[in-house]
2 protein chains.
Amino acid sequence: MRSPTFSPLYQQIKALLLESLRSGEWRPGEAIPSELDLAARFKVSQGTVRKAIDELSAENLVVRRQGKGTFVATHGERQVRFRFLRLAPDSGEPVLVERQLLDFKRVRAGAEIARALDLKSGDPLVMIKRLLVFGGDPVVLEEVWLPGNLFKGLTPAAVTEHKGALYNLFETQFGTRMVRAEEKLKAVAADAASAGSLAVPAGHPLLAVERVSFTYSDRPVEWRRGLYKTDRHSTGASWGELVPRSNLSLGQRNQCAPAL
Amino acid sequence: MRSPTFSPLYQQIKALLLESLRSGEWRPGEAIPSELDLAARFKVSQGTVRKAIDELSAENLVVRRQGKGTFVATHGERQVRFRFLRLAPDSGEPVLVERQLLDFKRVRAGAEIARALDLKSGDPLVMIKRLLVFGGDPVVLEEVWLPGNLFKGLTPAAVTEHKGALYNLFETQFGTRMVRAEEKLKAVAADAASAGSLAVPAGHPLLAVERVSFTYSDRPVEWRRGLYKTDRHSTGASWGELVPRSNLSLGQRNQCAPAL
DNA sequence: GAGTGGTCTAGACCACTAG
DNA sequence: TAGTGGTCTAGACCACTCC
């Protein structure tokens, strides 16, 4: 017997759940139906639904809470799970972050960003330029580029007034949830303008982080370039072991700064 | 009924398997007993053993091969799984890597490295300093510090003659398998000596990567500091989605350079 | 107590590998 | 053909949350 296109049942269920997430049938923060309900809906056993949800949970698309239900993941809550590159102070405890909006404009896409965001040159874009200040110290200077059509109503005021990560704003106000990201890191010398914003001499070494963020179905919906002053902060990463250790209370080691 | 120390059966099984891995009962590359054998040994059902192995597999400690068995993971094979920070050329295809040993000595631990490796100041250490050259271009200058007691027979010749990643040498010759790592990244200016090795002017921006690697039971066994010339290469990271996608042939997106 | 996710079992069958 | 991992089921029971 040949079955060249064999796909396990639970993967098909997962795809269906993913489609419901993508379409917004269940919104961020809401509970999805119980495992038994879903099993009945799809006419499979609870175990099969369970395995599908296991994978969604491992990918941080949903969050299980024993006794309560399974919820669509959100960027609002304190998130140990969704791990973009994170910044931590070299010494001591984290300080408050302040976000200064430096620029906001709508422009037409150039070739590079168009390609990264799967758009055509000349398509409308939103550009946000801002400075992140930690305890009075300017640490990150970044530009964020978004597809203009997806963020039609986005205004400078909305960005300024919003408390919390941009990703939270994107998902609550525009229904676009970032699900995955790819980053490229380089060390660069500060140019005159960046140096000024970050209060360092021109030529000072900075960490340049290029990030493409994706929503469901691997659709790219954000391009970022950040310049990090790493004199008193480091970006940290942890490899090789998964974060959530189900039960077993072996003290958290992956303490994270909030995603920026 | 209270059960404050509740631990699922499969977690207990996992701990037993972990202990067998740690003790070397099954060596890297070897097959571990079949799921049915293990179920019989531990007097639990196959499903319970399976769930324990699921987690070990998710942590890249073992590798499953349908129809063949489950094998202790290894640093030798082409590894898509074990993902330390990876370096990729900005343009085009990867080139051959050449490793030049610059220094090798046995010294006593200072305070900083002693603390990182959970040793006492004055304990014996091995220090390896080397240069990684990609297609004729020196790109990484790094120092590796190891507990001297764990690597008693390690010689400069062994390092020089070994083909492949150091981690491969460590595991095949010294039975120490790196299982997890934590990294801190900074942008720094090249000092005179480093600049010379990397063929850049002094003050040139470099990416500094500090890494602590751990073996089983979270025991730290390596401290590294690397300086990366990122002019023509980037270090890449990918967040938010798990790598191995079981079946579903949706083209690999996490192409990796070899771990260094 | 009712409902949810979490664990565990026993057994059947499928897909893959190898002798 | 035998042995391995991979899928799926049905059902029982446990742990947690909320009313």
Side-chain angles (χ1 to χ4, degrees), chain A residues 1-17 26 29-58 60-73 81 242 244-249, chain B residues 1-17 26 29-58 60-73 81 242 244-249:
Chain A
M1 209 38 108
R2 285 284 101 216
S3 75
T5 54
F6 169 72
S7 174
L9 234 194
Y10 76 88
Q11 287 286 3
Q12 302 173 37
I13 303 297
K14 181 184 171 188
L16 292 172
L17 296 175
W26 312 308
E30 287 181 8
I32 72 175
S34 78
E35 295 178 350
L36 283 175
D37 285 355
L38 290 170
R41 174 196 300 198
F42 298 128
K43 302 233 170 48
V44 297
S45 76
Q46 187 203 2
T48 300
V49 169
R50 190 167 177 73
K51 185 146 188 186
I53 296 181
D54 275 346
E55 295 210 346
L56 296 177
S57 168
N60 303 315
L61 297 181
V62 300
V63 176
R64 312 179 105 136
R65 297 201 194 117
Q66 181 170 153
K68 301 180 72 174
T70 301
F71 299 80
V72 182
R81 332 285 293 246
L242 298 185
R245 297 298 300 271
S246 32
N247 286 331
L248 292 208
S249 61
Chain B
M1 207 38 108
R2 287 282 100 218
S3 75
T5 53
F6 169 72
S7 176
L9 235 193
Y10 76 87
Q11 286 285 4
Q12 302 174 37
I13 303 298
K14 180 185 172 188
L16 292 173
L17 296 175
W26 313 308
E30 286 182 10
I32 73 174
S34 78
E35 295 178 352
L36 284 175
D37 286 353
L38 291 170
R41 174 196 302 196
F42 298 129
K43 303 232 170 47
V44 297
S45 76
Q46 186 201 2
T48 300
V49 170
R50 190 166 177 75
K51 185 147 188 187
I53 296 181
D54 275 346
E55 295 209 347
L56 296 177
S57 169
N60 303 315
L61 297 180
V62 300
V63 176
R64 311 180 108 136
R65 299 203 192 118
Q66 181 171 157
K68 301 181 74 174
T70 301
F71 300 80
V72 182
R81 330 287 293 244
L242 298 185
R245 299 299 302 272
S246 35
N247 285 334
L248 294 208
S249 61

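Here is how names work: the chains are called A, B, and so on, in the same order as the sequence lines, proteins then strands, and each is numbered from 1.
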Smallest separation among heavy atoms of B:A73 and B:N60, with atom names: CB-O, 3.3 Å

Closest nucleotide of DNA chain D for A:G47 versus for B:G69: which of these residues is on the 5' side? B:G69

Considering only side-chain heavy atoms of A:R64, which listed nucleotide, C:dC8, C:dG6, D:dC8, is closest? C:dG6

Check for a donor-acceptor pair, side chain of A:Q12 on one end and backbone N or O of A:S7 on the other, with a separation under 3.5 Å. yes

Nearest whole Å is fine: how far is D:dT7 C1' from B:D54 CG? 12 Å

Using atom CG of B:L9 as one end and atom P of C:dG6 as the other, report the distance to the nearest whole Å. 17 Å

Euclidean distance, A:R50 CZ relative to A:T48 OG1, rounded to 0.5 Å: 12.0 Å

Pairing residues for A:T70 by the side chain to side chain contact (heavy atoms under 4.5 Å, CB included) criterion, not counting sequence neighbours: A:I32, A:I53, A:V62, A:R64

Hey, which sits more toward the 5' end of DNA chain D by its nearest nucleotide, A:Q12 or B:G67? B:G67

State, with a plain yes or no, whether a side-chain heavy atom of A:W26 is found less than 4.5 Å away from one of A:L17. yes

Value for NZ (A:K51) from OG (A:S45), rounded to nearest 0.5 Å, stands at 11.5 Å

Can you tell me the distance, in whole Å, between the CD1 atom of A:I32 and the P atom of C:dT4? 12 Å

Rounded to 10°, the angle between the first-five-pair and last-five-pair axes of the helix from C:dG1-D:dC18 to C:dA18-D:dT1 is 10°

Nearest-nucleotide pick for B:Q66, side chain only, options being D:dT7, D:dG6, C:dT7: D:dG6

Between D:dG5 (P) and B:K51 (NZ): distance, integer Å: 19 Å

Heavy atoms of A:A52 and A:K14 approach each other most closely as CB-N, 3.7 Å

Separation of D:dT9 atom C1' from B:Q46 atom CD, nearest Å, is 14 Å

Are the side chains of A:L38 and A:I13 in touch, meaning some heavy atoms are under 4.5 Å apart? no

Rounded off to whole Å, could you give me the NZ-to-C1' distance for the A:K14 and D:dC8 pair? 18 Å

Between A:K68 and D:dC18, does any side-chain N or O lie under 4.0 Å from OP1 or OP2? yes

Respond yes when some side-chain nitrogen or oxygen of B:T70 is under 4.0 Å from OP1 or OP2 of D:dG5, and no when none is. yes

Near DNA chain D, which residues from residues 33-44 of chain B have a heavy atom under 4.0 Å away? B:S34, B:E35

Closest listed nucleotide, where the reference is the side chain of A:Y10 and the choices are D:dT7, C:dC8, D:dG5: D:dT7

From CD of A:Q11 over to C1' of D:dT7, roughly how many Å is that when rounded to an integer? 11 Å

How close or far is atom P of C:dT7 from atom CD1 of A:I53, stated in whole angstroms? 14 Å

Taking all atoms of both residues into account, what is the closest heavy-atom pair of A:F71 and A:G29, and its distance? CD2-O, 3.5 Å

With respect to the phosphate group of D:dG6, does any side-chain polar atom (N or O) of B:R50 fall under 4.0 Å of OP1 or OP2? yes

